[in-house]
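First listed ligand is number 1; within each ligand, the first listed atom is number 1.
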Amino acid sequence: MKLCLLLAAFAAGLTVSTSAAEISRPNIVIIFADDLGWGDLGCYGHPNIRTPHLDRMAAEGMRFTEFYSAAEVCTPSRAALLTGRYPIRSGMCHDQFRVLRSRSLGQLPDSEITLAEALKAKGYATGCIGKWHLGVPQFNPGGHPRRHGFDFYFGLPHSNDMDPTPVAPKGAGRLAEQKAEWWNAPLYRDDQIIERPADQTTLTHRYTDEAVKFIRSNKTKPFFLYFPHTFPHTPLFASKNFFGKSPRGIYGDVVEELDASVGRVLETLRTEKLAENTLVFFTSDNGPWLIMNQQGGSAGLLREGKGSTWEGGMRVPGIAWWPGRIKPTVQRTMACTMDLFTTSLKLAGAQMPADRPIDGLDIRPLLFGTGTVQRDAYFFYRGTRLMAARVGDFKAHFMTQAAYGQPKHEDHNPPLLFNLKVDASETFNVTTNHPAVLAQITAAVDKHKAALQPAASQLIEVEPLPEKK
Ligand code: MG
């Protein structure tokens, strides 16, 4: 059934050209940190988290200063990355529940075409290593990564804090010392749970071992490695080579271990002589989880963090690396995770699904320095609510809500307006100075809403807890 849908979707888009560049089928590696803030890496200005491998990746590649996740929390952000579509179109968002829970029955709908499915159809080997969070296979086998285009899976099905044991104290994720026995996360290899609770202290290291193995065993054909790390989402754990080493405390330990993981992936690509035929993109699913206190990251000069549609909730690090193809650059044009879907399909010579709206743009002109990308508007959703929109340098907030501690959103009429190039911190409201800009953004929102067909939410239903005997 799924295959039929795929074929029909692609058949509708047969007009796409297949130039030589498009059929070279480079490898694609997407490394996706969880809750890493815009200000958490050395190359984004952090004063003492040491990230030499990511800094080198940025120096050799393209560092985006205005790269966005497509949502302010995990599940919708991942759905958008893998489908190229705002999560409201797939139903992978909800105003109250926000993300899939450990007993959720919903999943990324089979009607969605994932990046893995699209690339697999072009002959790619596909692997997912890390945190999935688009279905809980224990309660819904259809929610497994292998049912969504991935040949191989190794990782946790959801966040590492989602199954606390009865001994975990309240707010365990933000305590200075976190004990492994407080969580009971299952670790999967393909369809089997191989460890429970997963030893989270060695998770980053083992994920990386699997990533290196995946690259080596697929080096003779094109591959797509989707590598969504479990960390620095809390609870934080680092292996013994990193624990207690960073001046920034355990959060720094965890980010420095992620950095080393990126270094190992890039080194593997170099030693296997794959670097010049591989696009690697590093980014994060949302901003830092600020209520975790010292266990949470930093959005640098940006306002707010994870869970909000202020810049700190959705503007994240974004680094593209492809030696010989991407020149060392700081890229100040905005781009977003959904663009990775469209751009990857173009690089693989795959046809774009033509039977549905795709929100991601082809950013090859930015990556290769060959031109500009015309983006009409970018929309900031919190759950199903369109809170803000950006056109050019300006962002208008129609509604705002702090990530935590503000139970209801606040409406703004007229909207708040910020010039992000002048005021990245969204401090100075310039609504009265730019009526024409506001009218332009409002028109873009009206056009988007008029054409939008929201899907039913997948985040509501859960498997009831077994009755106590
Ligand atoms: Mg997250």
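The minimum distance between the Mg ion (ligand 1) and any N, O or S atom of Asp285 involves atom OD2. Closest N/O/S atom of Asp35 to the Mg ion (ligand 1): OD1. In terms of distance to the Mg ion (ligand 1), the nearest N, O or S atom of Asp34 is named OD1.
Judged purely by atom type and a 3.5 angstrom limit, Arg248 uses its side chain to pair as donor or acceptor with the backbone of Gln294.
With no hydrogens or angles considered, no side-chain donor-acceptor pair links His397 and Thr309 at under 3.5 Å. For the residue pair Trp183 / Gln200, no side-chain donor-acceptor distance below 3.5 Å is found, with atom types taken as modelled.
Taking backbone and side-chain atoms together, Ser77 has no N/O/S atom less than 2.8 Å away from the Mg ion (ligand 1). Among the atoms of His233, no N, O or S atom falls under 2.8 Å of the Mg ion (ligand 1).
A centroid separation of less than 6.0 Å is found between the aromatic rings of Phe380 and Tyr68.
For Cys74 atom SG and Asn286 atom OD1, the angle they make at the Mg ion (ligand 1) is roughly 110°, to 10 degrees.
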All N/O donor-acceptor pairs, side-chain side in residues 129-138, below 3.5 Å, sequence neighbours left out:
unit_1 : atom_1 : unit_2 : atom_2 : d
Lys131 : NZ     : Asp34  : OD2    : 2.4
Lys131 : NZ     : Ser159 : OG     : 2.8
Trp132 : NE1    : Gly143 : O      : 2.7
His133 : NE2    : Thr75  : OG1    : 3.3
His133 : NE2    : Leu100 : O      : 2.7

